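Since we're looking at a predicted model, the values are computed, not measured.
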Amino acid sequence: MGETRKRGRKPKAPASTTETMDFQYTSASNATQTDYVAAQNDVFSAANDSVPTAAAAAAAKNDANNPAPARRGRGRPRKSEVGHMEDTEPHAAASPERRPYQNGAVVLEPPPQPVAKWESVAARVMPAMDAVVKVFCVHTEPNYSLPWQRKRQYSSSSSGFIIGGKRVLTNAHSVEHYTQVKLKKRGSDTKYLATVLAIGTECDIAMLTVSDDEFWEGVSPVEFGDLPALQDAVTVVGYPIGGDTISVTSGVVSRIEILSYVHGSTELLGLQIDAAINSGNSGGPAFNDKGNCVGIAFQSLKHEDAENIGYVIPTPVIMHFIQDYEKNGAYTGFPILGVEWQKMENPDLRLAMGMKSDQKGVRIRRIEPTAPESHLLKPSDVILSFDGVKVANDGTVPFRHGERIGFSYLVSQKYTGDTALVKVLRDSKILEFDIKLATHRRLIPAHTSGTPPSYYIIAGFVFTAVTVPYLRSEYGKDYEFDAPVKLLDKHLHAMAESTDEQLVVISQVLVADINIGYEDIVNTQVLAFNGKPVKNLKSLANMVDNSNDEYLRFDLEYQQIVVLHAKAAKAATLDILTTHRISSAMSDDLKT
């Protein structure tokens, strides 16, 4: 699981500036080893310059008595080579002590190991490292193209970490469509069955727990730190591909901004780092130099023009997820304002909207009909501030010293059901509204929250509701380029007029005598049935099943129509289901 920019696995390269966690020991070890080797090479270089002189004197003395032993010394391994190969512990970069000659060579000994320094590092590193676990998951994904069945199950591994309250955090995509989840602690050979408590698809975070008390013994939960600053060192810990043991990579925070969360198809605050994040790192913690967690690794960017770009879910998003679960007993999501807006950077546009020279804001283009504020706000209103924070003409708000961020960040800090004070300019007048925030349902949902797809079959015509997973199943990862233009237009721009509205299509036609001539209809939207608009898949199924008309007429886009004899169509449906080994003509959610 977890692919680059696709579900949480991301390549990044370790930076040499980091000094945190286990990698601090590794970095320090590498640095001291390098310095020590360099010092050894310098010493041995000097020694080799001087030893031949002493050896020559010894050889001259030995030549008269026994010349053969002098030649025998050529095959002996150099002391410098032996010392370097055996050096596996960190050493200070001090010059080795010189000892008396033995057998015509200088004996060099490395300086004492800095034991106290390592112990101080280990004291900080080890507790946090022990809280990182490996997540094993068996997935069984729905088959969106054949919605009456599921795909073949597969297994994946990722990372997670223990937090307070006997809970474990990992990525949502790590346990997506799970049938079984198991956890294994560092240094343990036992896998413990886990229970999924909550899955936040939008923020790509999942919360797990383990009922076996043995799992929690001897482990201290990870503590969270503040949002890091640019160039702060971070250390990513997890179980990526390339081995079975824990892995540590390091880097720095290179960017903080609103990011596109690929798995959830949302935009939330995120950190860009240059630490190596690979497949399997998903769900692993990112630590600061104090050993506190500042984020969760979840995705990376793979592009021919980009290198070492990985992304981390920051602590504000993590804490929002945790507190949402604690307040409501379930994950309720991140609210949105439900408007599309336009920048007001053009001075003529600002004058036309009645804005004064000292006023800044963004113009509302469209409002979601299902949004709570749809009866308060209007198109062409200019949003001046959100909860007292002024919005700039480019849609940004002050973030930290020297930084600005999109004002959607302020919205994402709210919880579902919270209210916000929005100040707008309308007809040169300033108005204030207390708006209740909520999560909004899209016409084409970005995800199905783990529920199986809905379908309805009549006379071999397979009807289904369009979702992003369905488009991905039909047209692959590049569905945004390969799907029909009309479906893409609705996906990108259409808004639902009601909370239960769906985009219903004929997915395919299971060929039979009853549907001769209609075999080529694929992914075509159904607009009406017997003259009545189709609101959603359930309403269509009810209208067809309860129809007393002689014929069934479906009006499709592109002015196509499908006409079937009602009795013949319903009789043929049973034979078609039997032929294709389909147990039911509709999904379970349509039967209630």
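- A donor-acceptor pair shorter than 3.5 Å cannot be found between the side chains of Y455 and S507.
- Atom CD of E326 has more than 12 heavy atoms from other residues, nucleotides or ligands within 6.0 Å.
- With 3.5 Å as the limit, one finds a donor-acceptor pair spanning the side chains of S156 and H139.
- Counting only distance, with no hydrogens or angles, the side chain of N515 and the backbone of A459 share a donor-acceptor pair below 3.5 Å.
- The aromatic rings of F224 and F161 stand perpendicular to each other, their planes meeting at an angle above 60°, with 30° marking the opposite boundary.
- At a cut-off of 3.5 Å, with distance as the only test, a side-chain donor of E141 or Y154 sits close to an acceptor on the other residue.
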Could you list the donor-acceptor pairs under 3.5 angstrom formed between side-chain atoms of residues 205-215 and any protein atom two or more places apart in sequence or on another chain?
residue: T209; atom: OG1; partner: K166; partner atom: O; Å: 2.8
residue: D212; atom: OD1; partner: E214; partner atom: N; Å: 3.0

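- Neither side chain, T370 nor R441, offers a donor N or O lying under 3.5 Å from an acceptor on the other.
- Between D204 and A172, the closest heavy-atom pair is OD1-N, 3.0 Å.
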Kindly indicate, with the supporting measurements, whether the criterion side chain to side chain contact (heavy atoms under 4.5 Å, CB included) is fulfilled by V135 and N171. CA-CA 10 Å; V135 181; N171 280 146; over 6 Å; no
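- For the pair H447/T201, a side-chain contact is recorded, criterion being any heavy-atom separation below 4.5 Å from C-beta on.
- For the residue pair K538 and D589, the shortest heavy atom distance occurs at NZ-O, 4.2 Å.
- Without hydrogens or angle criteria, T578 side chain to L574 main chain gives a donor-acceptor distance under 3.5 Å.
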Just do the side chain to side chain contact (heavy atoms under 4.5 Å, CB included) check on K423 and F433 with the steps written out, would you? CA-CA 6 Å; K423 183 184 293 186; F433 299 102; over 6 Å; no
Report the C-alpha distance between V424 and L384 in whole Å, list the side-chain angles of each, state the deciding distance to 0.1 Å, and finish with yes or no for side chain to side chain contact (heavy atoms under 4.5 Å, CB included). CA-CA 5 Å; V424 301; L384 302 177; 5.9 Å; no
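- At a cut-off of 3.5 Å, with distance as the only test, no side-chain donor of S260 or E267 sits close to an acceptor on the other residue.
- A distance-only check finds no donor-acceptor pair linking the side chain of S385 to the backbone of V391 [under 3.5 Å].
- Within 6.0 Å of the NZ atom in K436, the count of heavy atoms belonging to other residues, nucleotides or ligands does not exceed 12.
- With contacts defined as side-chain heavy-atom distances shorter than 4.5 Å, the pair E368/S374 does not qualify.
- Relative to the six-membered ring of Y415, K327 meets both conditions, a distance below 6.0 Å and an angle of at most 45° to the axis.
- Counting only heavy atoms from C-beta outward, the side chains of I435 and L376 approach each other to under 4.5 Å.
- In this structure a side-chain-to-backbone donor-acceptor pair under 3.5 Å is missing from H493 to L488.
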Go through the steps to decide whether L556 and I521 satisfy the test side chain to side chain contact (heavy atoms under 4.5 Å, CB included), and finish with yes or no. CA-CA 10 Å; L556 314 179; I521 298 177; 4.1 Å; yes
Hey, can you pull the donor-acceptor pairs under 3.5 Å for the side chains in residues 543-554, sequence neighbours left out?
residue: D545; atom: OD1; partner: Y456; partner atom: OH; Å: 2.7
residue: N546; atom: ND2; partner: N542; partner atom: O; Å: 3.0
residue: S547; atom: OG; partner: D549; partner atom: N; Å: 3.3
residue: D549; atom: OD2; partner: N530; partner atom: ND2; Å: 2.9
residue: R553; atom: NE; partner: D555; partner atom: OD1; Å: 3.3
residue: R553; atom: NH2; partner: D555; partner atom: OD1; Å: 3.2

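- Between the R167 side chain and the I322 main chain, no donor and acceptor come within less than 3.5 Å of each other.
- No side-chain N or O of T419 forms a donor-acceptor pair with one of D434 less than 3.5 Å apart.
- With ring centers used as reference points, W216 lies 6.0 Å or more from Y192.
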N281 vs Y239, test: side chain to side chain donor-acceptor pair (under 3.5 Å). Steps then yes/no. CA-CA 6 Å; N281 266 126; Y239 294 86; over 6 Å; no
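- For I514 against A568, the heavy-atom pair with the smallest separation is CD1-CB, 3.8 Å.
- Smallest separation of non-hydrogen atoms from G270 and Y261: CA-OH, 4.2 Å.
- In this structure, CD on Q560 lies 10.0 Å from CG on L527, to the nearest 0.5 angstrom.
- To the nearest 0.5 Å, the span separating OG1 on T332 from OH on Y325 amounts to 12.5 Å.
- Proximity of a side-chain donor or acceptor of T467 to a complementary backbone N or O of Y470 within less than 3.5 Å is detected.
- Remark: S408 OG to L269 CG distance equals 9.5 Å, nearest 0.5 Å.
- Looking only at distances, a side-chain donor or acceptor of S159 sits under 3.5 Å from a matching main-chain atom of G280.
- Checking side-chain atoms of T179 against main-chain N and O of V138 turns up a donor-acceptor pair under 3.5 Å.
- Distance check, rounded to the nearest 0.5 Å: CD1 of I444 to NE2 of H491 gives 6.5 Å.
- Residue pairs meeting the salt bridge (Lys or Arg N to Asp or Glu O under 4.0 Å) criterion with at least one partner in residues 483-506, sequence neighbours excluded, are D500-K535.
- R363 and Q342 are linked by a side-chain donor-acceptor pair at a separation below 3.5 angstrom, with hydrogens and angles left out of the test.
- In this structure, CD1 on I336 lies 10.0 Å from OG1 on T266, to the nearest 0.5 angstrom.
- In this structure, a donor-acceptor pair under 3.5 Å is present between the side chains of N536 and S539.
- Looking at N143, its side chain never comes within 3.5 Å of a backbone N or O of R150 through a donor-acceptor pair.
- Counting only N and O atoms by type, the side chains of S584 and K591 include a donor and acceptor under 3.5 Å apart.
- Side chains of Q525 and Y558: a donor-acceptor N/O pair is absent below 3.5 angstrom, by distance only.
- A pairwise comparison of heavy atoms in Q508 and W148 identifies NE2-CH2, 4.3 Å as the closest pair.
- For I199 against F321, the heavy-atom pair with the smallest separation is C-CE1, 4.4 Å.
- Classification of R426 and D381 as a salt-bridged pair holds, one side-chain N sitting under 4.0 Å from a carboxylate O.
- Residues S158 and T170 form a side-chain contact, since some pair of their non-hydrogen atoms from C-beta on lies under 4.5 Å apart.
- A side-chain N or O of Y144 and one of T448 form a donor-acceptor pair less than 3.5 Å apart.
- Panel note: side chain N328, backbone D324; a donor-acceptor pair is recorded below 3.5 Å.
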